[in-house]
Structures are given as C-alpha cells and as structure tokens.
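Notes to accompany the following structure.
Numbers here simply count residues along the sequence, with the first being 1.
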Amino acid sequence: QVQLVESGGGLVQPGGSLRLSCVVSGATVQYYTIGWFRQAPGKEREGVSRISTTPEDMIWYTDSVKGRFTISRDPIKDTVFLQMNNLKPEDTAVYYCAAVMNLSFRLSSDPKDFDSWGQGMQVTVTS
C-alpha cells in the first residue's frame, strides 16, 4: 500500500519561501499522479498543483499560485516537491500530498479522485 509523508511546512513571513516534500513509499512515484492540496480553516480542500504519471508529466497549478509555486518529481528518491516562493498570507493552510494510480485521473485536480493521502502539515504565512 502506498504511503505518503510530507515535510517542509512551517511559519514564514510574506514574500518568503518554503519547499514541501512528499516521500512516497510502497510504490514507484513515476507510476502515480501526485497532487498537492490545501485546506484553510472553514474552507474546502482545494487543489494546488499536480504532476501526472511519467512520461507525460503533465503539470497543473491553480491560478492563485501560478508563477510562484513549482512542482517537481525526483524518481530516484520517490519524492515530489512543491517549491513555494513569494508566499502570501492567503497561502496559509494545511497542505497535503495525495496520490492516485488510476490513469483515468492522471489529469485530475479534484481531491475526490485521489485515494492515498499524507497526514498534512501546517503552512502559516504571517508577519
């Protein structure tokens, strides 16, 4: 069974950067679509970014993070990263990585389509 463990969250000032990591175990990361999601208090969980299976590597970002966030995958380390630059207070949320192997969902950004989830971690952007 695939397991995902996130790290890299924390407290940062506006304009700062964080690099989130999602280590995938029990599976080969290239065979999974990996998504980053976030949930702010009182809001629904939303997709932030997604990278589809190799070799397509189709990448998607939600509009609010385009130009600031970058998703990447290291197949040797079975890890997916989310580099977050120029962070804003509205980026504050619990961030999750999730995985799905079903190729029907390889272009999805809907949390409902992902069936394996990490435990989540807090990202707080405040001055």
May I ask whether [X] and [Y] are part of the same hydrophobic cluster, defined by side-chain heavy atoms of I, L, V, M, F, W, Y residues being less than 4.5 angstrom apart, directly or through others?
X: Phe81; Y: Leu87; answer: no
X: Leu103; Y: Leu107; answer: no
X: Val80; Y: Tyr95; answer: yes
X: Val2; Y: Phe105; answer: no
X: Tyr31; Y: Ile71; answer: yes

Nearest 0.5 Å please: distance from the [atom1] atom of [X] over to the [atom2] atom of [Y].
X: Trp36; Y: Leu82; atom1: CH2; atom2: CG; answer: 6.0 Å
X: Tyr61; Y: Thr70; atom1: OH; atom2: OG1; answer: 4.5 Å
X: Ser21; Y: Asp74; atom1: OG; atom2: CG; answer: 10.0 Å
X: Ile34; Y: Ser72; atom1: CD1; atom2: OG; answer: 12.0 Å
X: Gln30; Y: Ile76; atom1: CD; atom2: CD1; answer: 9.0 Å
X: Phe37; Y: Ser109; atom1: CZ; atom2: OG; answer: 7.0 Å

Beyond-backbone contact of [X] with [Y], side-chain heavy atoms, under 4.5 angstrom:
X: Val12; Y: Leu18; result: yes
X: Val100; Y: Tyr32; result: no
X: Val29; Y: Thr79; result: no
X: Arg106; Y: Arg50; result: no
X: Val23; Y: Leu4; result: no
X: Arg45; Y: Trp117; result: yes
X: Asn85; Y: Phe69; result: no
X: Leu20; Y: Met84; result: yes

Exercise. Is the Lys NZ or Arg CZ of Arg38 less than 6.0 Å from the centre of Tyr96's six-membered ring, within 45° of the axis?
Worked result: no
Can you name the closest pair of heavy atoms from [X] and [Y] and give their distance?
X: Thr62; Y: Gly47; answer: CB-O, 3.5 Å
X: Ala99; Y: Asp115; answer: O-OD1, 3.0 Å
X: Pro14; Y: Ser127; answer: CD-N, 3.7 Å

Are any side-chain N or O atoms of [X] and backbone N or O atoms of [Y], one a donor and one an acceptor, separated by less than 3.5 Å?
X: Glu6; Y: Gln119; result: yes
X: Thr92; Y: Thr124; result: no
X: Gln13; Y: Thr126; result: no
X: Ser49; Y: Trp60; result: yes

Problem set entry | Carboxylate-amine/guanidinium proximity below 4.0 Å for Lys66 and Asp63 | yes
Exercise. If you measure from the Lys or Arg side-chain nitrogens to the Asp or Glu carboxylate oxygens, is any gap between Arg73 and Asp78 under 4.0 Å?
Worked result: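 Salt bridge: no.
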Problem set entry | Worked verdict on Asn102 versus Ser104 for side-chain hydrogen bond (donor to acceptor under 3.5 Å, both in side chains) | CA-CA 5 Å; Asn102 189 330; Ser104 298; 3.1 Å; yes
For this session: For Gln3, look at atom CD and say whether over 12 heavy atoms of other residues, nucleotides or ligands are found less than 6.0 Å away.
Result: no
For this session: Decide if atom CD of Glu90 counts as having more than 12 heavy atoms of other residues, nucleotides or ligands within a radius under 6.0 Å.
Result: yes
